[in-house]
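So the structure is just underneath, and the comments pick up after that.
When a residue number appears, it is its place in the shown sequence, counting from 1. No experiment lies behind these values; they were computed from the predicted model shown.
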Amino acid sequence: CYRKRFVLPDKFDDDQQIYLHFEAIADDSASKNDDTQIRIPATTIWLNQNKIFSDVLPAPINLSEYYRDRSENLLVIY
């Protein structure tokens, strides 16, 4: 389980979006040209007591809806 408390400054623009991005890890046994990747199953992500994601990690996850400007945020990844 990973927990992080953070405060970020104001957004530059009201339309600015904030994403959580995970990079895929290539399997060492596969060649560099192979698309085989290690997937992290059954991941659940919470932001400020809101469950925002529960599945195998995909492309970036948008945090903008639950992010608090100029306040403490709590991110939990389980």
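- Between the side chain of Asn50 and the main chain of Ile52, no donor-acceptor pair closer than 3.5 Å is present.
- Note that the OG atom of Ser71 and the CZ atom of Phe6 stand 11.0 Å from one another [nearest 0.5 Å].
- Listed here is the closest heavy atom pair of Asp69 and Tyr67: OD1-CE2, 2.7 Å.
- The hydrophobic cluster containing Phe53 also contains Leu20, counting ILVMFWY residues as joined when their side-chain heavy atoms lie under 4.5 angstrom apart, directly or transitively.
- Legend: residues meeting salt bridge (charged side-chain N to carboxylate O under 4.0 Å, His left out) with Glu72, ordered by chain and number and at least two apart, are Arg5.
- Between Arg3 and Leu75, the closest side-chain pair of non-hydrogen atoms is not below 4.5 Å.
- Taking the side chain as every heavy atom from C-beta outward, Ile45 and Val76 never approach each other to under 4.5 Å.
- Under a hydrophobic clustering in which Ile, Leu, Val, Met, Phe, Trp and Tyr are joined whenever their side-chain heavy atoms come within less than 4.5 Å, directly or via other members, Tyr19 and Val7 fall into different clusters.
- Between Tyr78 and Thr43 the shortest side-chain heavy-atom distance does not fall below 4.5 Å.
- Asn48 places a side-chain N or O within 3.5 Å of a backbone atom of Leu74 that can act as its donor or acceptor partner.
- Residue Leu8 is grouped with residue Ile61 when hydrophobic side chains (ILVMFWY) are merged at heavy-atom distances under 4.5 angstrom, including chains of intermediate members.
- A distance-only check finds a donor-acceptor pair linking the side chain of Asn73 to the backbone of Arg68 [under 3.5 Å].
- When every heavy atom of Gln16 is checked against every heavy atom of Ser64, the shortest pair comes out as O-OG, 4.3 Å.
- Atoms CD1 and NZ, from Ile77 and Lys4 in turn, are 11.5 Å apart once rounded to the nearest 0.5 Å.
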